[in-house]
Amino acid sequence: MSDPDVIVVGGGVSGLSAAWWLAQAGCSVEIWEQDGRLGGKIATRQADGYLTERAASMMLNFRPEVSQLLAATGLDVGRIACPSAPQCQRYLVRGGRLVPVPMRLGALVRSSLWTLGGKLRLLAEPLVPRGGRPDETVSEFVVRRLGREVLETAMEPFVAGPLASDPDQASAHAVLPRLVALERRYGSLVIGASVRRFLRRGTAPVREMFSFGGGMATLTRALAATAGVRFRARSTALRLEPARSGWRLDGQTPAGGLTVRARQLVLSVPAPAAAALLRPLDVGLGHLLHGIEYSALTVVHLAFDRSAIRHPLDGLGFLVPRGEGLPLTGCQWMSSTFPSRAPRGKALLTCYVGGARVPQARDWTDGRCIDAAMASLEPLLGIEAAPERVWIDRHTSGLPLYHGAYAGRLRAMSERLRSWPGLHLAANYWGGVSVRDRIACGHATASRVHTSLARSRLSASVTGLDSPPVPAVPRSLG
Ligand SMILES: Cc1cc2nc3c(=O)[nH]c(=O)nc-3n(C[C@H](O)[C@H](O)[C@H](O)COP(=O)(O)OP(=O)(O)OC[C@H]3O[C@@H](n4cnc5c(N)ncnc54)[C@H](O)[C@@H]3O)c2cc1C
């Protein structure tokens, strides 16, 4: 069998997306995945009329690359959209009660979430001068621009919930790159966002929240079925080294040890696994990767008879600010967001326990995680019965934390990668953890691979070495 153009190590959504874009460019790709299935963290469970997700449960998209991939794979047809306003209401816990998050200026002015001083501070944002250090934290950035109340009641729960991170430690440049860029360019988030909206009127990408009828595994299954991509299951990459005109990968497969060569290598494994593979080659790069922290996260899915919950569940769910002292960071009302995920007459609630805010939850038993979820939910939602079904998904290394001087760390990693032509890092510790960002980064990685292939062909023709032709690049990758 001939060597592939590219080996992708890691069959999570990062690796699958990179492979998909590479296949569109005509590259032959081989994916090595140590598990027996593709998808990595993403996995969908279906049982007795319920559908639960091990990790990502939905996508929020505004990137054209994602729309392009969904259209090309036919996945846009099978999407199920989250409800639109007013059913897409989100809540925050405030003083032990659920308070709607204002979605419009009028609602913000009337909202009980912020004091009058907090609202005036928020509205004064355009008057705040540019500033901030390069390694400013999320908390420092938000307090400086929008005030402490916005940090505590809006940004902190968002960073602690969906990102499982800590705004006091997370890098503003890495976690809020779009907001930081708005300040840098326009001097104000409010003015910058308005100018952008005005400039992009008519062409602005639509923000959509959705999943798929068969859950998020529909996406990873479709990517895995891409023509031109070969999938090696239960194949663990153990050693890599540069070889003549490319890379050599040694690993363990069900049939025994295996060595494969390819002109380019994409590592789409979590940072500790990438560190282990790279340390023998480049101690510095291995050290930078090894220093990336991960938070543990436990997902508790609880199913109830609908009549057991007094709250109308009229929205997507709620986030919990740290000041409330609850062990949950948030709860998604899955059966309200996607009614097909629970049988008629039942309610499915998905709770998130742990993250950087409650690191000790890593060691809690399943029973303690369920008790913690129930103790938080009962008073907030008026729950009058025990759950009828419970599923638990534990992630000991759930999400990478973009903590500390993260932008500097990534810059140093880019610098070191220059010494290793044909080697690329593409996983959720770089460029965003969301599935949207993983697909967009897959596109960027494929573009870099293509450039690198073109360069190696040029140098091969100069040195007289044999090198296969570079595959044609579709316009979308150019
Ligand atoms: C609880 C939770 C909820 C989330 N919710 C959302 C959400 O609602 N929306 C959203 O957009 N995002 C969400 N995310 C984020 C998103 O799911 C992840 O960031 C994304 O799935 C990570 O993909 P990845 O490919 O980078 O990593 P992974 O999925 O971890 O894939 C890495 C793969 O590499 C393999 N591997 C490791 N070492 C080797 C080796 N040596 N050889 C071969 N293979 C190897 C692993 O087996 C794994 O399959 C959530 C994440 C979590 C944990």
Side-chain angles (χ1 to χ4, degrees), residues 7-19 30-44 52-61 63 66 82 161-165 209-211 215-217 219-220 223-224 231-240 249-253 258 265-278 289 292 294-301 316-317 329-330 332 334 337-338 350-355 392-402 425-442 445:
I7 299 173
V8 174
V9 182
V13 70
S14 297
L16 289 170
S17 303
E30 191 167 297
I31 302 182
W32 283 47
E33 167 54 53
Q34 66 186 9
D35 272 1
R37 61 162 197 93
L38 285 164
K41 297 249 174 342
I42 293 179
T44 302
T52 53
E53 299 282 7
R54 185 169 150 70
S57 59
M58 63 176 75
M59 293 177 67
L60 166 64
N61 183 39
R63 300 283 303 236
V66 177
C82 291
L163 303 181
S165 184
M209 256 174 35
F210 57 87
S211 183
M216 292 297 289
L219 169 70
T220 48
L223 295 179
F231 168 43
R232 283 192 192 277
R234 294 192 186 84
S235 299
T236 304
L238 296 176
R239 210 166 79 93
L240 44 99
L249 176 67
D250 298 318
Q252 192 62 34
T253 74
L258 179 70
L265 186 70
V266 177
L267 280 188
S268 286
V269 297
L277 285 166
L278 288 171
L289 282 158
I292 296 175
Y294 280 69
S295 64
L297 205 51
T298 301
V299 189
V300 182
H301 310 273
L316 305 185
T329 55
Q332 280 181 295
M334 281 302 175
T337 310
F338 303 116
T350 295
C351 304
Y352 299 89
V353 180
I392 299 212
D393 292 302
R394 303 195 80 121
H395 301 272
T396 44
S397 299
L399 284 168
L401 299 172
Y402 293 16
L425 301 180
N428 64 352
Y429 55 81
W430 204 329
V433 300
S434 71
V435 175
R436 171 197 66 239
D437 288 339
R438 301 322 316 144
I439 292 174
C441 286
T445 302

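Computation of the quantities below employed the complete heavy-atom set of this structure, encompassing side-chain atoms and omitting hydrogens, waters and symmetry-equivalent molecules. One-based numbering, in listed order, for ligands and for the atoms of each.
Proximity annotation for atom 42 (N) of ligand 1: of Ala274, Gly161, Ala237, Ala237 comes nearest, heavy atoms only. With distances taken over non-hydrogen atoms, the option nearest atom 32 (C) of ligand 1 out of Ser268, Gly10, Ala18 is Ser268.
For Tyr429, there are no ring-ring contact (aromatic ring centres under 6.0 Å, His included) partners two or more places apart in sequence or in a different chain.
The backbone N or O of Ala217 lies less than 3.5 Å from a partner atom in the side chain of Thr44, making a donor-acceptor pair. A donor-acceptor contact shorter than 3.5 Å is absent between the side chain of Arg436 and the backbone of Asn61. In terms of modelled atom types and a separation under 3.5 Å, the side chain of Ser295 and the main chain of Ala164 share a donor-acceptor contact. Checked by atom type and distance alone, the side chain of Ser235 pairs as donor or acceptor with a backbone atom of Ala233 at under 3.5 Å. A donor-acceptor pair under 3.5 Å is absent between the side-chain atoms of Tyr402 and the main chain of Ser165, judged by distance alone. For Ser268 (side chain) and Ala426 (main-chain N/O), a donor-acceptor pair under 3.5 Å exists by modelled atom type.
Here the side chains of Leu38 and Thr220 are not in contact, with every heavy-atom distance at 4.5 Å or above. A 4.5 Å side-chain heavy-atom check between Phe338 and Cys82 finds at least one atom pair inside the cut-off. The side-chain heavy atoms of His395 and Arg54, taken from C-beta on, include a pair separated by under 4.5 Å. Side-chain contact between Leu240 and Ile7 is absent, with no heavy atoms from C-beta onward closer than 4.5 Å. Trp430 places none of its side-chain heavy atoms less than 4.5 Å from the side chain of Thr445. Side-chain contact check for Val299 versus His301: some heavy-atom pair is nearer than 4.5 Å.
Contact annotation: Ala426 has no heavy atom less than 4.0 Å from any atom of ligand 1. Within the structure, ligand 1 has Glu33 among the residues with a heavy atom less than 4.0 angstrom away.
Heavy-atom proximity to Leu297, at under 4.0 Å, picks out these atoms of ligand 1: 1 (C). When each atom of ligand 1 is checked for a heavy atom of Ile42 under 4.0 Å away, the hits are 21 (O). Interface atoms of ligand 1 facing Ala273, defined by a heavy-atom separation under 4.0 Å, are 38 (N). In summary, the atoms of ligand 1 found under 4.0 Å from a heavy atom of Trp32, numbered by their order in the structure, are 43 (C), 44 (N). Residue Ser57 approaches ligand 1 through these ligand atoms, each under 4.0 Å from one of its heavy atoms: 7 (C), 8 (O). Of all atoms in ligand 1, numbered sequentially from 1 with element shown, those under 4.0 Å from a heavy atom of Val299 are 1 (C). When each atom of ligand 1 is checked for a heavy atom of Val435 under 4.0 Å away, the hits are 10 (C), 11 (O), 12 (N).
Looking at ligand 1, you'll find an N or O of Met58 within less than 3.5 Å of one of its N or O atoms. Residue His395 places no N or O, backbone or side chain, under 3.5 Å from any N or O of ligand 1. Residue-to-ligand polar distances place Val433 within reach of ligand 1: an N/O pair is separated by less than 3.5 Å. Considering backbone and side-chain N/O of Thr236, none are found under 3.5 Å from N/O of ligand 1. Among the atoms of Pro270, none of the N or O lies under 3.5 angstrom from an N or O of ligand 1. When only interatomic distances are considered, the shortest N/O to N/O separation between Val9 and ligand 1 does not fall below 3.5 Å. Taking any N or O of Arg438, backbone or side chain, none lies under 3.5 Å from an N or O belonging to ligand 1. When only interatomic distances are considered, the shortest N/O to N/O separation between Gln34 and ligand 1 falls below 3.5 Å.
Under 4.0 Å from ligand 1, the heavy atoms of Leu399 that appear belong solely to its side chain.
Among protein heavy atoms, atom 23 (O) of ligand 1 sits closest to Val13 CG1, 3.6 Å. In terms of protein heavy-atom proximity, atom 29 (O) of ligand 1 is nearest to Lys41 N, 2.8 Å. Shortest contact from atom 17 (O) of ligand 1 to any protein heavy atom: Ala56 CB, 3.5 Å. For atom 25 (O) of ligand 1, the closest non-hydrogen atom on the protein side is Ser14 N, 2.9 Å. With respect to atom 36 (N) of ligand 1, the closest heavy atom belonging to the protein is Val269 CG1, 3.6 Å. What sits closest to atom 53 (C) of ligand 1 on the protein, heavy atoms only, is Gly398 O, 3.6 Å.
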Would you check, one step at a time, whether the test side-chain hydrogen bond (donor to acceptor under 3.5 Å, both in side chains) holds for Thr337 with Gln332?
CA-CA 8 Å; Thr337 310; Gln332 280 181 295; over 6 Å; no
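Here the CZ-CG distance, from Arg438 to Leu219, works out to 13.0 Å after rounding to the nearest 0.5 Å.
Shown here, atom 27 (O) of ligand 1 is out of close reach of the protein: none of its heavy atoms lies under 4.0 Å off.
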